[in-house]
Student: 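Attaching a single structure in structure tokens format; questions to follow.
Note that this is a predicted model, so its numbers are computed, not measured. A note on names: the letters A, B, ... follow the listed sequences, proteins ahead of strands, and every chain is numbered from 1.
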Amino acid sequence: MPVRTRFAPSPTGYMHIGGMRTALFNWLWARHHGGTFILRIDDTDQQRNMDEALGPILQAFRWLGLNWDEGPEVGGPHGPYFQSQRRGLYDAALQKLLSTGHAYRDFETPAETQAQREAAEREKRVYVSSRVSLQLTADEVQAKLAAGEACVIRLLVPRGETVVINDHVRGTVEWDCNLMPDPVIARSDGSPLYNFATVVDDAAMEISHVIRAEEHLSNTPIQVLLHRALGNVIPEWAHIPYVAAPGSKEKISKRKIAAYRKNPQFQKLFELGDAVLSRLGFDAAADALSPVMVAYYQQVGFLPAGILNALVRLGWSYDDQTEVLSREEMQQKFSLERVIRSPAGLDPDKLISFQSHWMSQLPADDKLEGCLSFLLAAGLISSADDPGTRSYVAAVVDLAADRLRVFGDIFQLDEFFLSDEQLSVDVKNFDKRVRSSATTQENLLLLKDRLQSLADFLAGPLHDLLQAFVAERGIRVGDLFPALRLCVTGKAQGADLFRSLELLGRERVLRRLDRSLSGC
RNA sequence: GGCCCCAUCGUCUAGUUAGGUCUAGGACAUCGGAUUUUCAUUCCGGUAACAGGGGUUCAAAUCCCCUUGGGGUCACCA
């Protein structure tokens, strides 16, 4: 049987990081087997603007390079791929269930059902459907229908049976049908409910493996029953653990962002993100963008390889050694058998570590392109095409070296893009290392003349000059270098000092030295 | 509360299916040290875990039971 997996998002306007991990596992399983990966849109109760709601989801897939073989935009032999357009299929399946006696019309009002539920709870009884509507004769049903009485359609759960599945990650799981209420499969307006539509579509689309988060485990018996009643081939199941919030076992959720900000394990990620997003004009506190959403990582300048690597290692491992995996490697090595059973907390530290690794592997040209677009978006350069700008930025990127973990980190070297006036100064360190020392100021003044007359303003000669100067004046490197850096870049630390000076060029260095010294 | 799932270093995990080679391995984080003009990198090294209790067995992280803890789900949502 060919492997066909699906990911069926509801169009919510953003792509959840945990959902992305589920999608990745589906994609990996299909690709590993040379199968088919399908995207289906579960929009059975959608009123909102589809473009706005679905766009970010497809965008996340495209960004990460998870292509789908069937679904929106690409179509396929089992379309349409929007549940809102598949009503005919659901209606037909409903009729079949009704006519074979696997489902029945229930005229009980929601209030009545609710009351029974509460009564059962009060009496510590298991609640199961009353099934009074089942006593109705065919004529009585027709009469009620003719009278316009509202009813829902419920699946008739077979009493006395047990549903057993052999889950790829959880093994044997079973449920007692005597404990299950008859689930509603169609609303009073005839529209299908999730569990029902899913079953109809999974069968119609010939899904071989349903790989989804553990939170769906409790839906499974209902779906198995539905498949049976419909005479479908039952797909194989794999309930993977959901992605938890850092350091917890709780499902990571968009609604808990405020709490995550206080989470020490999340700190580093938020700091990184806030620094970048504020430069890009996003209001960090507004949470329009948060680490729960895939788009966040793209905006901050993460690489698909970094995100994918972090996600694949959440709940899955290849062996006791392998940590770094490219998309091709994970595709080749992935298996459901090695998915772990317990929930895995997203680990921001490890995510950043994977990201740093993949950034270090990125070819210089790609690094340049990425930084260019970030600098442009922040208004630090005016064109990404100008040859002069490109070669200058390339030099800065090269200088940044491994300080660049995400593209947004390029903003930390803003001293190369800001004018002398705009340059922000680390006042505390400037006071400590420059302003408070007359000797240092004297030395810097003297150094200025030497820099002025240096033949070649290049890293090598600058290095020699600075070292000789320190020796000549009988001072320590620590007395001069940090002070010089502060004057020229405004920062207490940063990239290689000599190369920084070279890149800034004699003019800017001298001018900034002047400005800083005159401010003392 | 019912049903279901889960339980190894701070975190992600290997080891559990086929009990012994596990005085429990790796990675991230952390702490030392080396390199370095700062920071970062890199390289060495350290700290750190089988939730608890009963069994079964010559032998249990591994099998069984109980307890505890955590989580998911209980809609005319998906």
Student: Within the pair Arg187(A) and A78(B), is there a side-chain N or O less than 4.0 Å away from OP1 or OP2?
Tutor: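 Looking at the OP1 and OP2 atoms of A78(B), one of them is under 4.0 Å from a side-chain N or O of Arg187(A).
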Student: Taking the same atom, C1', in A34(B) and in U23(B), what whole-Å distance lies between them?
Tutor: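 Result for the C1' pair: 30 Å, nearest Å.
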Student: Going by heavy atoms in the side chains, are Arg159(A) and Val128(A) under 4.5 Å from each other?
Tutor: yes
Student: Taking only the C1' atom of each, what is the distance from A48(B) to U68(B) in whole angstrom?
Tutor: 24 Å
Student: Using atom C1' in both nucleotides, what's the gap between A61(B) and G45(B) to the nearest angstrom?
Tutor: 28 Å
Student: If the P atom of G26(B) is compared with that of A7(B), how far apart are they to the nearest Å?
Tutor: 23 Å
Student: For G1(B), take OP1 and OP2 only and decide whether either is under 4.0 Å from a side-chain N or O of Arg117(A).
Tutor: no
Student: Between Val393(A), Leu404(A), Val276(A), which is the residue that forms a side-chain contact (heavy atoms from CB on, under 4.5 Å) with Ile410(A)?
Tutor: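 Testing each of Val393(A), Leu404(A), Val276(A) against Ile410(A), the sole residue satisfying side-chain contact (heavy atoms from CB on, under 4.5 Å) is Leu404(A).
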Student: Take atom P in G15(B) and the same atom in C63(B), then report the distance between them in whole Å.
Tutor: 13 Å
Student: Taking any heavy-atom pair under 4.0 Å as a contact, classify Val173(A): base, sugar-phosphate, or nothing.
Tutor: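 Here Val173(A) touches the backbone only, sparing every base.
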Student: Between Lys333(A) and Asp319(A) (salt bridge meaning N to carboxylate O under 4.0 Å), is one present in this structure?
Tutor: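 Salt bridge: no.
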Student: Determine whether the aromatic ring of His216(A) stacks with the base of A78(B), defined as ring centroids separated by less than 5.5 Å and ring planes inclined by less than 30°.
Tutor: yes
Student: Determine which nucleotide pairs with C9(B), using a 3.5 Å limit on both distances of a Watson-Crick or G-U wobble pair.
Tutor: none
Student: Both distances below 3.5 Å, Watson-Crick or wobble geometry, any strand: find the nucleotide opposite U42(B).
Tutor: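 In the structure as shown, U42(B) has A34(B) as its Watson-Crick or wobble partner.
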Student: For A18(B), which nucleotide in any strand shown is its Watson-Crick or wobble partner with both distances under 3.5 Å?
Tutor: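 When the pairing criteria are applied, nothing turns out to pair with A18(B), so the answer is none.
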Student: Looking across every strand, which nucleic acid part, if any, lies under 4.0 Å from Glu174(A) by heavy atom: base, sugar-phosphate, or nothing?
Tutor: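 It contacts sugar-phosphate atoms only.
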Student: When the C1' atoms of A24(B) and C3(B) are considered, how many whole Å apart are they?
Tutor: 36 Å
Student: Hey, is the side chain of Lys249(A) poking within less than 4.0 Å of OP1 or OP2 on C5(B), counting only N and O atoms?
Tutor: no
Student: Look through every strand shown and name the nucleotide pairing with G72(B) as Watson-Crick or G-U wobble, where both distances are under 3.5 Å.
Tutor: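 Because both required distances fall under 3.5 Å, G72(B) counts as paired with C3(B).
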Student: Once you apply a heavy-atom cut-off of 4.0 Å, does Leu193(A) come out as touching a base, just sugar-phosphate, or nothing?
Tutor: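 Counting heavy atoms under 4.0 Å across all strands, the contact made by Leu193(A) is with sugar-phosphate only.
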Student: Look at all strands and tell whether Arg341(A) reaches a base, only sugar-phosphate, or nothing, counting heavy atoms closer than 4.0 Å.
Tutor: sugar-phosphate
Student: Charged N to carboxylate O below 4.0 Å: is that the case for Glu415(A) and Arg512(A)?
Tutor: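 No, no charged N to carboxylate O under 4.0 Å.
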Student: Does C74(B) have OP1 or OP2 under 4.0 Å away from a side-chain N or O of Ser218(A)?
Tutor: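 Indeed not, no polar side-chain atom of Ser218(A) lies that close.
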